[in-house]
Structures are given as structure tokens and as C-alpha cells.
Amino acid sequence: MKKTLKITAVVLFVAFVAIQFYRPAKINPPIIAAETLEATTYVPDEVAKILSRSCNDCHTNNSNYPWYSQVAPMSWGIIDHINEGRRELNLSTWAIYDTKRKKHKLEEICEMVTSGEMPHYQYLWIHRDAQLSDDDKKILCDWTDAEKSMLPLT
Ligand code: HEC
């Protein structure tokens, strides 16, 4: 029995070491100032603070990759979320979205935070301060509504 446990531990350890060699690319693509959200959009301080605290790690090209994002299998999930998050909404390339996409994404931002789907629940396991209060949600939705109303009709 003891021997089986030892063998299992060794096998698990070897597997853990082996998976470390599969390292998906962890990148922060360059940020072009003219393409960012701030380039064409008025972002009040209080909105910027919420985005920075709760969203930017997955929705900009300026993600912070913490130490545990170096360790498989956690790294795989984190990198996946960042890549998918950026594909869906990248505030670093916001200015080059067309008007229709901007409107849709502004609506989604309010919807996602109101429904509690964003920030991603796994992010909240570690980033406890990323949790949004009702006030935060209102600040974000007031801002997305205001921005939407300033965009040209499509
Ligand atoms: C841990 C990474 C992570 C964080 C943090 C995060 N998101 Fe996301 N977000 C994702 C992923 C992954 C997707 C795409 C899959 C999905 O919809 O669940 C996504 C999708 C979205 C979408 C696109 C929905 C659509 O269908 O167009 C919006 C809008 C969004 N997030 C807003 C936010 C906002 C606002 C915050 C901060 C309050 C936030 N996210 C925080 C990972 C994240």
C-alpha cells in the first residue's frame, strides 16, 4: 500500500514537471496610442479605475501575468481567458472598431456586469478586489449609455 502511494506520488510529480514544457505564448501585443479606448473616448477617472481593477487584465494588451500564470496547468486556463477576452473585447484596439461593434460592445459591457458574468468568476478567486459593487455597476452602465448616445446612428 505504502509503495503504491509512493509510486503514485512519483508519477504525479513527473507528470507535473512534464506539463511545464508545454508553454503557450504569453504576450502583450504592442499598444498603439491612437487605437486605445482613451484615444477617442472620454473615460472618467472612476470608470478608468473600475476597468483597471476588474477588466484590463483580460481586455487590453496590457495584461499582468502573475507568477501562477507561469505554472501549468493554471497557465493554460489563464492564457486562454486572456486571448479569448481580447478577441471578444480589446480596449487597446477600441478606436479601430466600427461604430456598430462599439455600440454592441458598450451594451455588452453593461449587460455582462449587471448579470454578474463579468469579471470572469475565476478571476475573482484570486483578485478579490475586482468584485464590482452595485455602485461600480451603475457607474459603468451610466458611462456606456452616455457613450452609446454619442455615437453616430448606424
Ligand atoms: C479573467 C479574464 C477576464 C476578466 C478579468 C474580464 N473578462 Fe470579460 N471576457 C473574458 C472572456 C474569456 C470572454 C469571452 C467568453 C465569455 O463571454 O465568457 C469575455 C467576454 C467579455 C465581453 C464580450 C461579450 C460579448 O458577447 O460581446 C464583454 C463585454 C466583457 N467580457 C466585459 C468585461 C468587463 C466589463 C470586465 C470587467 C468588469 C471583464 N469583462 C473582465 C474574460 C475576462
Side-chain angles (χ1 to χ4, degrees), residues 15-154:
F16 177 74
V17 172
I19 64 174
Q20 303 309 318
F21 288 93
Y22 177 64
R23 303 183 81 84
K26 237 180 0 223
I27 43 167
N28 278 338
I31 295 178
I32 300 161
E35 294 183 354
T36 61
L37 175 71
E38 294 78 10
T40 52
T41 311
Y42 171 60
V43 187
D45 236 19
E46 47 183 9
V47 171
K49 277 195 190 121
I50 299 171
L51 293 176
S52 153
R53 180 162 51 88
S54 306
C55 320
N56 287 0
D57 270 345
C58 300
H59 290 294
T60 68
N61 288 343
N62 186 27
S63 307
N64 174 33
Y65 290 94
W67 66 265
Y68 45 83
S69 73
Q70 316 284 343
V71 185
M74 270 103 71
S75 54
W76 304 342
I78 293 168
I79 293 165
D80 247 27
H81 286 156
I82 293 175
N83 290 338
E84 211 190 319
R86 283 177 184 160
R87 220 170 17 245
E88 286 290 330
L89 170 73
N90 191 339
L91 300 175
S92 296
T93 56
W94 178 264
I96 57 177
Y97 284 7
D98 62 31
T99 305
K100 195 163 159 237
R101 186 155 192 224
K102 281 182 181 152
K103 279 190 180 163
H104 175 62
K105 294 298 172 184
L106 285 167
E107 262 160 38
E108 287 286 344
I109 289 173
C110 178
E111 255 174 58
M112 291 297 217
V113 298
T114 308
S115 67
E117 280 172 81
M118 289 287 146
H120 201 285
Y121 72 97
Q122 285 183 357
Y123 189 73
L124 296 174
W125 290 345
I126 293 186
H127 303 85
R128 304 315 278 260
D129 63 337
Q131 188 92 48
L132 300 181
S133 67
D134 288 345
D135 279 353
D136 293 336
K137 292 177 190 174
K138 184 167 184 313
I139 290 169
L140 279 181
C141 288
D142 286 350
W143 171 70
T144 55
D145 283 351
E147 277 309 314
K148 222 168 43 186
S149 69
M150 279 186 277
L151 289 171
L153 293 173
T154 46

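Both ligands and their constituent atoms are indexed starting at 1 by order of listing.
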Would you please test Lys105 and Trp94 for side chain to side chain contact (heavy atoms under 4.5 Å, CB included) and show each step?
CA-CA 10 Å; Lys105 294 298 172 184; Trp94 178 264; 3.7 Å; yes
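- Ile139 CD1 to Glu46 CD: the interatomic distance, rounded to the nearest 0.5 Å, is 4.0 Å.
- Summary of contacts: the protein heavy atom closest to atom 5 (C) of ligand 1 is Ser54 O, 3.3 Å.
- Nearest to atom 11 (C) of ligand 1 among the protein's heavy atoms is Gly85 CA, 3.7 Å.
- More than 12 heavy-atom neighbours from other residues, nucleotides or ligands sit within 6.0 angstrom of OH on Tyr68.
- For ligand 1, the polar-atom distance check against His120 finds no nitrogen or oxygen pair separated by under 3.5 Å.
- The shortest heavy-atom distance from Asp57 to ligand 1 is not under 4.0 Å.
- At the top of the distance list for atom 1 (C) of ligand 1, counting protein heavy atoms only, stands Cys58 SG, 2.7 Å.
- Per-residue contacts place Val113 under 4.0 angstrom from the following atoms of ligand 1 (heavy atoms of the residue considered): 35 (C), 38 (C).
- Among Gln122, Met118, Glu111, His81, the residue whose heavy atom sits closest to atom 19 (C) of ligand 1 is Met118.
- Rounding to the nearest 0.5 Å places CG of Asn62 at 6.0 Å from CG of Asn28.
- Among the atoms of His59, an N, O or S atom falls under 2.8 Å of atom 8 (Fe) of ligand 1.
- Contacts between Met112 and ligand 1, counted as non-hydrogen atom pairs separated by less than 4.0 Å, involve the side chain only.
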In sequence, state the C-alpha distance, the side-chain angles, and the governing distance for Glu108 and Leu89, and then conclude on side chain to side chain contact (heavy atoms under 4.5 Å, CB included).
CA-CA 10 Å; Glu108 287 286 344; Leu89 170 73; over 6 Å; no
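- Taking a 6.0 Å sphere around CG of Asp134, one finds it holds 12 or fewer heavy atoms contributed by other residues, nucleotides or ligands.
- Taking a cut-off of under 4.0 Å to the non-hydrogen atoms of Ile109, the atoms of ligand 1 that pass are 29 (C), 35 (C).
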Carefully, step by step, assess Gln70 and Lys26 under the rule side chain to side chain contact (heavy atoms under 4.5 Å, CB included).
CA-CA 9 Å; Gln70 316 284 343; Lys26 237 180 0 223; 2.8 Å; yes
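- The shortest contact between atom 35 (C) of ligand 1 and any protein heavy atom is with Cys55 SG, 3.6 Å.
- A distance of 12.0 Å separates CG of Leu51 from CG of Asp57, quoted to the nearest 0.5 Å.
- In summary, the atoms of ligand 1 found under 4.0 Å from a heavy atom of Glu88, numbered by their order in the structure, are 14 (C), 20 (C), 23 (C), 25 (C), 26 (O), 27 (O).
- Protein heavy atom at the shortest distance from atom 15 (C) of ligand 1 is Glu84 OE2, 3.2 Å.
- Shown in contact with Lys105 at under 4.0 Å from a heavy atom are these atoms of ligand 1, numbered in order with element: 25 (C), 27 (O).
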Decide yes or no on side chain to side chain contact (heavy atoms under 4.5 Å, CB included) for Gln20 and Val71, but give the supporting numbers first.
CA-CA 7 Å; Gln20 303 309 318; Val71 185; 4.1 Å; yes
